[in-house]
Amino acid sequence: MCGIVGYIGNQKASDVIIKGLERLEYRGYDSCGISYYDPNNKKFVTNKDRGRVANLYNQYSYPDNNHYAIGHTRWATHGVANQNNSHPHYSQSKRFIIVHNGVIDNHKELVFKYLNDYEFISDTDTEVIVNLVEEFSKKLSIEEAIRKTISLLEGSFAFLIIDTENIDTLYAVKNKSPLLIGESDKGIVLGSDVLAFVNYADYYYLLEDNSFIIVKRDNGNFKFNLYDTIGFDLEVPEKQKMDFVTDELGKAGYEHYMLKEISEQPAVIRKIMSQYMVDNELKVSPEIKAMFTDIKKVYILAAGTSYHAGLIGRVYFEEIAKIPSEVFIASEFAYNEPLIEPDSMFVLISQSGETADLRSCLINVKEQGYKTLTITNVGSSTLAREADQYLNIFAGTEIAVASTKAYVGQIAVLAILANTLSKQHSLDLVSEMSRAAVSMENIIDKRDYISEIVEQVIISHDCFYIGRGLDYFVCLEAALKLKEITYLNTMGIPAGELKHGTMALIEKDVPVIAIISQDHINNNTRSNLEEAKAREGTPLIISLDNTSKGNDDIVLMDVHRLLSPLVTVIPAQLIAYYKAVELDYDVDKPRNLAKSATVE
Ligand code: M6R
C-alpha cells in the first residue's frame with residue numbers, strides 16, 4: 001500500500017526519494033510522485049502521475065543541488081488512480097505540501113466543519129489534512145496547527161508535511177500506519193519501510209503510534225526531535241543498525257523476484273531449522289512454550305496467504321499439540337467477534353507484521369486481556385512489537401506481492417511450535433523437515449517441466465483446484481496464487497463439495513487440478529476428479545510418491561503427511577508463475593494489489 005519517503009541532508013534528495021520509492025514498489029501502487037526544493041529557482045517542484053516510479057527518473061531532470069524532498073507511491077483508496085489524486089498534494093494557498101499513507105475516516109465531517117471555503121483539486125482524504133494545517137496555521141504556529149489537525153483525525157495515518165516557507169524543517173506524524181526514521185551523517189530520511197533507507201542510512205529508529213517528528217537542518221547538521229501528539233518530548237527509541245545484505249534485495253539472476261523466492265524455499269526451511277535447533281531438537285523458547293500452559297483453546301488470526309498457513313496451523317495444534325483451535329480471517333474477526341472461550345490465547349500470523357486488519361484484532365484481544373503471539377517475517381514490525389511474544393520465520397525479505405517463501409516459513413514454524421507443545425514430541429521434525437527441504441528442491445529443479453504443463457493445460461479463463469483436508473487448504477493457497485498474478489478466475493474447492501454446485505462451471509477444457517497427498521482420502525479425491533472429467537474438464541493430478549497411481553502428472557518425493565503442504569504448494573506456485581509469464585503480466589507487481597495491506 002502507499003509508501004512515503006522524505007529526506008533532508010547533503011545528498012541529492014531526488015535520488016534518495018526515487019531510490020527509496022523503488023524499494024517500496026513491492027508494497028503495491030498505481031501512481032507516484034515527488035516534491036523537491038530547487039535552490040536554483042528557489043521554489044518547490046512537483047512531478048507526479050499514474051504509473052511507475054521509473055517515470056520519475058525518465059521523464060524529468062533534477063538539479064544536483066536539491067537536498068530536500070518528499071515522495072510517495074499511492075495505492076488508490078479515495079479516488080481513482082490519476083494525476084490529480086497522486087501525491088504529493090498542496091494546500092489551497094500552495095504553502096504546505098503533504099504525502100500520506102492511511103485512511104482518514106472522518107474526512108467528510110472535517111470538510112463540513114472546518115473547510116467550507118476550500119476548493120479541493122483531488123478526491124483524496126489527504127487534501128483535507130493539508131488544508132486543515134493551512135487553516136489552523138492562520139492563528140497558530142505550524143507545530144500547533146499540525147497538532148490540532150492530528151487531534152481531529154480519525155483513522156490511520158502517517159504523513160510528511162513541508163512548509164514551503166521553511167526549507168530547513170520537515171514535519172512527520174505517525175499513527176497506526178508505518179513510519180520509521182533513518183539516520184546517517186549525510187542526512188535524515190523518513191520512510192514507510194526500512195528498505196527505503198538502504199544505502200542512505202546507517203541506523204534506523206522504530207516509532208510508536210502518536211509520534212510527531214520534526215526534522216531540522218541546523219548548520220550543516222541534521223537532527224530530529226520526537227514528541228507525542230500533545231507536544232511532550234518522547235524518549236528516542238533504541239537505534240537499530242541497518243544490516244541489510246543488499247544482495248538479498250536483488251533478483252540474483254532470476255527474471256522475477258517471485259521465481260527467486262520460490263527457489264529460496266528449501267533454504268528457508270533449513271534456515272528455520274538452524275534458528276530453532278536446540279540440543280538436536282526443533283523447539284520454541286521456554287518463554288513461548290510457557291504462554292500455552294493451561295490454555296484450552298488457540299485462536300489463529302490472519303489474512304490472505306497467512307490465513308491459509310493458519311488453516312494448516314490449526315491441524316498442527318489439534319493433531320500434534322492436542323489443543324483445540326479455530327482460525328479466523330482477521331477482517332471478519334475484527335468486527336464480528338465470536339464467543340471466545342475462557343483460557344484462550346491468540347496466535348497472529350503475518351508475513352509483513354503490518355496488516356491493518358490484524359492489528360485491529362490485536363488491539364481488541366489485548367484489551368480483553370488475552371495472551372498474544374505473532375508469527376512474522378519482520379521482527380521489527382508493529383505486530384511483532386505489540387504482541388506479548390513473537391516467532392520469526394526467517395524467510396528473508398519477500399519482495400514479490402505474491403507470497404511464497406513466507407507461506408512455507410509460517411507452516412514450518414507452526415509445526416515447530418505445535419511439536420514443542422506436544423507432550424510426546426510426536427514428530428521427528430529434524431528428519432521430516434530435512435526430507436521436506438529435499439523434496440522441495442527436487443520439484444524446483446524440475447520447474448521447466450511445470451512450465452510445459454502450463455502451456456498445455458491452463459488455457460481456459462477458469463481453473464479449479466480440488467483436495468480434501470490439508471490438501472484442500474493448499475488448494476485455497478494454490479487458487480489465490482493463480483488468480484492474483486494471472487487474473488484467471490480460480491477457486492480452491494473441497495473435492496467432495498464440487499458436486500454441490502461448482503460442478504455447474506466445469507465444461508470442456510476447464511482445468512481441474514487435484515492435490516492428493518493424504519493416503520486416507522486418495523480414492524475419494526480421485527473419484528471427484530473422475531466426475532469432473534465426465535463433464536469434459538481437463539484433469540491434472542499433483543501427488544506424492546506414496547499416493548501416486550498410474551501416470552499422475554506431477555509426482556513429488558514423499559514427505560510426512562503433515563508436512564505435505566510445504567511441498568504440494570510448490571507446483572501450484574510454479575503453475576501460477578509460468579502462466580503469468582506466458583500472459584506477459586507484471587508477475588511481481590500484480591494489478592490492484594499491495595504487498596502490505598496497511599488499511600482496513
Ligand atoms: O503481511 P501479511 O501476511 O499479513 O499479509 C496478508 C495478505 O495480504 C497476504 O498474505 C496476501 O494474501 C499475499 N500477498 C497473497 O500472495
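Remember, it's 1-based here, ligands and their atoms both numbered in the order they're listed. The basis for the numbers below is simple: all heavy atoms, side chains too, and nothing from hydrogens, waters or symmetry mates.
- Summary of contacts: the protein heavy atom closest to atom 5 (O) of ligand 1 is Thr355 OG1, 3.5 Å.
- Here's the thing with Val401: one of its N/O atoms is less than 3.5 angstrom from an N/O atom of ligand 1.
- Numbered from 1 in the order shown, with element, the atoms of ligand 1 that lie under 4.0 Å from a heavy atom of Ala402 read 16 (O).
- Here Asp30 does not pair with Arg50 in a salt bridge; the nearest charged N to carboxylate O distance is not below 4.0 Å.
- Under the 3.5 Å distance criterion, the side-chain polar atoms of Tyr316 are matched with a main-chain donor or acceptor of Leu562.
- Of all the heavy atoms of Lys481, the ones lying under 4.0 Å from any atom of ligand 1 belong exclusively to the side chain.
- Shown in contact with Ser306 at under 4.0 Å from a heavy atom are these atoms of ligand 1, numbered in order with element: 2 (P), 3 (O), 10 (O).
- The number of heavy-atom neighbours closer than 6.0 Å to NZ of Lys271, taken from other residues, nucleotides and ligands shown, is 12 or below.
- Using a cutoff of 4.0 Å between basic side-chain nitrogens and carboxylate oxygens, Glu264 and Lys405 are scored as salt-bridged.
- Here the heavy atom of the protein found nearest to atom 1 (O) of ligand 1 is Ser352 OG, 2.6 Å.
- For ligand 1, the atoms lying closer than 4.0 Å to a non-hydrogen atom of Glu484 are 15 (C), 16 (O).
- Between Phe346 and Tyr299, the ring centre distance stays below 6.0 Å.
- For Gln240 (side chain) and Tyr203 (main-chain N/O), no donor-acceptor pair under 3.5 Å exists by modelled atom type.
- Distance from atom 6 (C) of ligand 1 to its nearest protein heavy atom, with residue and atom name: Ala303 O, 3.4 Å.
- For ligand 1, the polar-atom distance check against Gln410 finds no nitrogen or oxygen pair separated by under 3.5 Å.
- Look at Arg385 and Glu208 and you find a salt bridge, because one of the NZ, NE, NH1 or NH2 atoms lies within 4.0 Å of a carboxylate O, short of that distance.
- The closest protein non-hydrogen atom to atom 11 (C) of ligand 1 is Thr305 N, 4.0 Å.
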